[in-house]
Colleague: 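Take a look at the following structure, please.
Naming convention: chains lettered A, B, ... in sequence-line order (proteins, then strands); numbering from 1 in each chain. When reading the values below, keep in mind they use all heavy atoms of this one structure, side chains included, and skip hydrogens, waters and symmetry mates.
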Amino acid sequence: MSRAETRTLGVICVIFALGCILVWIPLDTDTGLIETVRRRVEIGDAMAPTLAALFVLVGGAILCIAPGEPARGAGAKRPLLFCAAAMIGVLAAGVVLMLCAGPLALWLADAGRAEPREYRLMRDSFPWKYIGFVLGGTVAISGLIALAERRMTWAALIIGLVGVLGMVALFDLPFDDLLLPPNGDY
Amino acid sequence: MDVLAHVWLGILAVFQGPDAFAVAGLSVSITLVMVAAGFLLGIVVGATPGLGGPTAMAIALPILISVFGFTPDALLPVMGCLIGIMKGATVGGAVPAILFNTPGTPDSYMTTLDGYPMAQRGEAKKALRVAHFASASGDTFSDIVLILCAPFLALLVERHLDLPEKTALLILSLAFVAAVVGRSPGKGLISAGLGLLVVYVGTGEDFYPRLSMGTEALNRGFPIGTAVLGVLVVGAVFHQMAEGFASRSNTSLQPAPKAGNAGRLRWPDIRPLLPTMLRSAVAGTVIGALPGIGSTLAATIGYTTAKARHDRTRAPDAPRFGDGVPQGVAATEAANSAVSGANLIPVLSLGIPGNTAAVFLILAADSIGGFNPGPSVFRVTADAINPELVVAFGLFTCMFVANALNWTVGGLVMRSMGVLAHLPKQRLLPVVLVLTLTAIYVQETRIEAIWFTIAFGILGFGMRLLDMSPLPFVIAFILGAKLEDSARQAFAATGGDAWFLFTSPVAAAFMALSVLVVVLGARRRG
């Protein structure tokens, strides 16, 4: 990091730490640094987070006065940030699909029924318990591979599917008491 | 019960614990099976670039806990398996370093410097044998030091340190880790401060869960697995994938050289390696015993010390380090392997994790219960058995079982792992990522755990981008609750003395040292 980047990081940390010490911690804890309970003086809930913020404050102050290191090429971090944002997007899409696919599939399957079944009651039965995990997991894995390779291939899709089925074999088949994502939430 | 009785009970707990199966009427305990399984898995992940011991331990832990449950009987099989992974990964890291000039783990980078030139000369097998011999020797040496030192250090702490001194010692450990890990003490302090801040969310003694912003999601705090695995594993996966994407690097490896005939190590080959290995093992053990200083630094010091000595003493026509000298491979491997045992000295004697492998052992102990690493483990009373001490000696036994495996089959398994270096990272890492998230979910069974883990992964990625080590964050997260409890008790025990950290000479010395390490670190790197 260049000197300017290091100093900027230091300033951000100092501002963050001061914000914690002066605003967040006092407003979001019910006891202060020290409290008196039945005439005994005790350490309050705000003490430990305040000390933690002091660590950040001191670290930030050191960075503000540190000389910094030789600068990396300008914009060297931009592709990394772009890729990370894309990866997180793909991963989040996979998790959202994981959450919705099972209940949606059941709703579609029960579209003609007089009394549609609740997903909560079906979350541990075949095939419903696998639909969300397999779809969401496959999308996440193959999407991330496609992102890294900059093209979608059948190999990525197969690796995603086989990987997810392997996880089903690892976590679900041997154990009756474990719930695959997202079934614990229903 | 005396110490020897505890030692014997520890050994019996490993060899006569619950059976896995029987061979010819002879039962084999599940702990032995798990140590062996962990060791073999460790070699596999160590030999796979992009993976490593911490990743394998992270994924294995929830599976192991699901298999063995939360009973005291689960402690030795689960922790034995993790110890096996830790040791196996150290050995396995040398394979791609020697065969393909690609270090399997960061600490085996120095192995490439002489290992790959040896392989190019047709001495790949010899280089692998040297690496294995040095690694197993360094590891065994370090384990012996651990067993001799940890109990005495723990007894010393238990006898001479009271609550204020223990609080000051925890602060010193955090300051030391923050100051020595990574490139800048400032960044180390920020990392440690963030770890402390995060662990205090949703906790406290008041009815209102502090720092939860009144939200349902935060009022239970962050589960330890989400923070540790998020920052360490998910953050590392994000960073490795992003770097691969940004550099558009293909994963083609250097061509594997032919094995050649020069394979078997004989006494004339081994004898000149011994002084180098001994020096490196001592350096690795000393470095490993200090919290936060990893095996990469040990490998660097081991290699550079051996190189300096070699340059002084070599004949004019003898090859230099870097040209494929077996001592170069031996120096690196003995040093980085000696770290693994010594790293457990602060864990077992003080309850302070020094590296990521130790973090996972503490996580296992914390999840299962019945074993709290720290000075109280080594307490011996005349009339009763201390079950924690039995577990501690059981763990030492597991380490020696893993060493025995390393000496007997480790080399053979290691030399057959070259093919794993061909696994493309960009296809492996997404599977590891989803596997980690799934492993967290099956433990926590709520989707917030996955979101928290991804959020901590983003934090870990950001830290790596800013050249900030995530290790102080993780160690602070683990020590945070202990630090607060200890400070509360010390404050109450001293009658509400605000200066309780400075009234006893030992506590004051620890506090002064805390400031000193940070100031010296900042000046040295400034």
Colleague: Among B:Ile454, B:Leu211, B:Ile450, which residue forms the greatest number of heavy-atom pairs with chain A at distances under 4.5 Å?
Modeller: B:Leu211
Colleague: Would you confirm whether A:Arg123, through its side chain, and A:Lys129, through its main-chain N or O, come within 3.5 Å as a donor-acceptor pair?
Modeller: no
Colleague: Quick check on B:Ala476 against chain A: is it the side chain, the backbone, both or neither that has a heavy atom closer than 4.5 Å?
Modeller: neither
Colleague: Answer whether the closest heavy-atom distance between the side chains of B:Asn219 and B:Glu216 falls below 4.5 Å.
Modeller: yes
Colleague: Is it true that, when you exclude B:Arg446 itself, more than 12 heavy atoms of the residues, nucleotides or ligands shown sit nearer than 6.0 Å to its CZ?
Modeller: yes
Colleague: Please identify, among A:Cys20, A:Ala48, A:Gly10, the residue contributing the most non-hydrogen atom pairs under 4.5 Å to chain B.
Modeller: A:Ala48
Colleague: Looking at A:Val41, A:Leu27, A:Val95, A:Leu9, which makes the most heavy-atom pairs under 4.5 Å with chain B?
Modeller: A:Val95
Colleague: What part of A:Ile34 lies closer than 4.5 angstrom to a heavy atom of chain B: side chain, backbone, both or neither?
Modeller: side chain
Colleague: Which residue out of A:Pro49, A:Gly163, A:Gly143 racks up the most heavy-atom pairs below 4.5 Å with chain B?
Modeller: A:Pro49
Colleague: Can you tell me which of B:Phe461, B:Tyr200, B:Phe207 forms the most heavy-atom pairs within a distance under 4.5 Å of chain A?
Modeller: B:Tyr200
Colleague: Name the member of B:Leu428, B:Val518, B:Asp206 that forms the most heavy-atom pairs with chain A at distances under 4.5 Å.
Modeller: B:Asp206
Colleague: Do other residues, nucleotides or ligands put more than 12 heavy atoms under 6.0 Å from A:Arg117 CZ?
Modeller: yes
Colleague: Is the distance between the ring centroids of B:Phe222 and B:Phe456 less than 6.0 Å?
Modeller: yes
Colleague: When heavy-atom pairs shorter than 4.5 Å are enumerated against chain B, which of A:Met47, A:Met87, A:Glu35 gives the highest number?
Modeller: A:Met87
Colleague: Which residues satisfy the side-chain contact (heavy atoms from CB on, under 4.5 Å) test with A:Leu121, sequence neighbours excluded?
Modeller: A:Glu118
Colleague: Relative to chain B, which segment of A:Asn183 carries a heavy atom at a distance below 4.5 Å: side chain, backbone, both, or neither?
Modeller: backbone
Colleague: Using non-hydrogen atoms only, which part of A:Ala155 is less than 4.5 Å away from chain B: side chain, backbone, both, or neither?
Modeller: side chain
Colleague: Answer yes or no: are there more than 12 heavy-atom neighbours, outside A:Phe82 itself, under 6.0 Å from its atom CZ?
Modeller: no
Colleague: Output the option from A:Ile141, A:Leu180, A:Ile62 having the highest count of non-hydrogen pairs under 4.5 Å with chain B.
Modeller: A:Ile141
Colleague: Whether the side chain of B:Thr494 engages the backbone of B:Phe491 through a donor-acceptor N/O pair (distance < 3.5 Å, no angle test) should be reported.
Modeller: yes
Colleague: With a 3.5 Å distance limit and no angle check, can you tell me whether A:Thr31 reaches the backbone of A:Asp45 through a side-chain donor-acceptor pair?
Modeller: yes
Colleague: Can you tell me which of B:Leu483, B:Thr445, B:Val201 forms the most heavy-atom pairs within a distance under 4.5 Å of chain A?
Modeller: B:Thr445
Colleague: Among A:Gly137, A:Pro182, A:Gly60, which has the most heavy-atom pairs under 4.5 Å with chain B?
Modeller: A:Pro182
Colleague: Can you tell me which of B:Gly188, B:Ala439, B:Ala192 forms the most heavy-atom pairs within a distance under 4.5 Å of chain A?
Modeller: B:Ala439
Colleague: Let me confirm one number: the CG-CG distance from A:Leu135 to A:Leu161, rounded to the nearest 0.5 Å.
Modeller: 9.5 Å
Colleague: When only pairs under 4.5 Å are counted, which of B:Gln443, B:Glu484, B:Arg427, B:Met241 shares the most heavy-atom pairs with chain A?
Modeller: B:Arg427
